[in-house]
Colleague: 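One structure, pasted below without further comment.
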Amino acid sequence: MADPIIQRLEAIIAERRSASPDSSYVAKLSARGRARIAQKIGEEGVETVIAAIKDDGPGVISESADLIFHLLVLFADMGLTWDQLLAELDAREGTSGIAEKASRPKE
């Protein structure tokens with residue numbers, strides 16, 4: 001179901017998680033723990049927002065690529081897959097965003 005590039009990235013990330021942190025960014029990031037991975041997602045999200053506010057289309061594309069990459073690193077850390085994300089999006093098709101948000105359990 002996932003795009004071939006996403007499948008390749010998932011495979012590369014899975015392989016590199018067990019590499020030496022000295023030779024692999026993914027291994028280094030994974031060794032620093034889930035909180036650091038999540039922090040990187042936040043940083044890349046903010047950088048995407050800044051590029052959008054500046055009306056910088058190429059910047060939004062570049063920062064979005066970084067954001068998705070780091071999201072895939074988080075998925076790998078948590079044993080999740082892009083296909084699971086796509087299945088969730090598919091399940092939401094036809095549901096309004098307002099109705100979907102209202103259906104979530106209250107925290």
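Being a predicted model, the structure only gives us computed values, none of them experimental. Numbering starts at 1 and runs along the sequence shown.
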Colleague: Between the main-chain N or O of Ser20 and the side-chain N or O of Ser24, is there a donor-acceptor pair closer than 3.5 Å?
Modeller: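 The answer is no, because no donor-acceptor pair under 3.5 Å joins these two groups.
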Colleague: Quick one: CD1 on Ile6 to CG on Leu85, what's the gap to the nearest 0.5 Å?
Modeller: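 One finds 9.5 Å between CD1 of Ile6 and CG of Leu85.
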Colleague: Can you list, pair by pair, the side-chain donor-acceptor contacts under 3.5 Å of residues 32-45, counting residues two or more places apart and other chains?
Modeller:
unit_1 : atom_1 : unit_2 : atom_2 : d
Arg34  : NE     : Asp77  : OD2    : 2.6
Arg34  : NH2    : Asp77  : O      : 3.2
Arg34  : NH2    : Asp77  : OD2    : 3.1
Arg36  : NH1    : Gln39  : OE1    : 2.9
Arg36  : NH1    : Glu43  : OE2    : 3.2
Lys40  : NZ     : Glu43  : OE1    : 3.3

Colleague: Other members of the hydrophobic cluster containing Ile61, with the 4.5 Å side-chain heavy-atom rule, please.
Modeller: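 For Ile61, no cluster forms, as it stays isolated from other hydrophobic side chains.
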Colleague: Can you name the residues that form a side-chain contact (heavy atoms from CB on, under 4.5 Å) with Thr81, not counting sequence neighbours?
Modeller: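 For Thr81, the residues satisfying side-chain contact (heavy atoms from CB on, under 4.5 Å) (neighbours in sequence not counted) are Glu10, Asp83, Gln84.
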Colleague: Name every donor-acceptor pair, under 3.5 Å, that has one atom in a side chain of residues 50-58 and the other anywhere in the protein, sequence neighbours excluded.
Modeller:
unit_1 : atom_1 : unit_2 : atom_2 : d
Asp56  : OD1    : Gly59  : N      : 2.8

Colleague: List the atom of Ala31, the atom of Pro21, and the distance in Å for their closest heavy-atom pair.
Modeller: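 Residues Ala31 and Pro21, closest heavy atoms: CB-CG, 4.3 Å.
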Colleague: For Ser62, what residues pass the side-chain contact (heavy atoms from CB on, under 4.5 Å) criterion, not counting sequence neighbours?
Modeller: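 Ser62 satisfies side-chain contact (heavy atoms from CB on, under 4.5 Å) with no residue once adjacent residues are dropped.
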Colleague: With a 3.5 Å cut-off and sequence neighbours excluded, list the donor-acceptor pairs that the side chains of residues 67-74 form with protein atoms.
Modeller:
unit_1 : atom_1 : unit_2 : atom_2 : d
His70  : ND1    : Asp66  : O      : 2.8
His70  : NE2    : Tyr25  : OH     : 2.8

Colleague: Once rounded to the nearest 0.5 Å, what's the spacing between atom CG of Leu9 and atom CD1 of Ile13?
Modeller: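 It is 5.5 Å, given to the nearest 0.5 Å.
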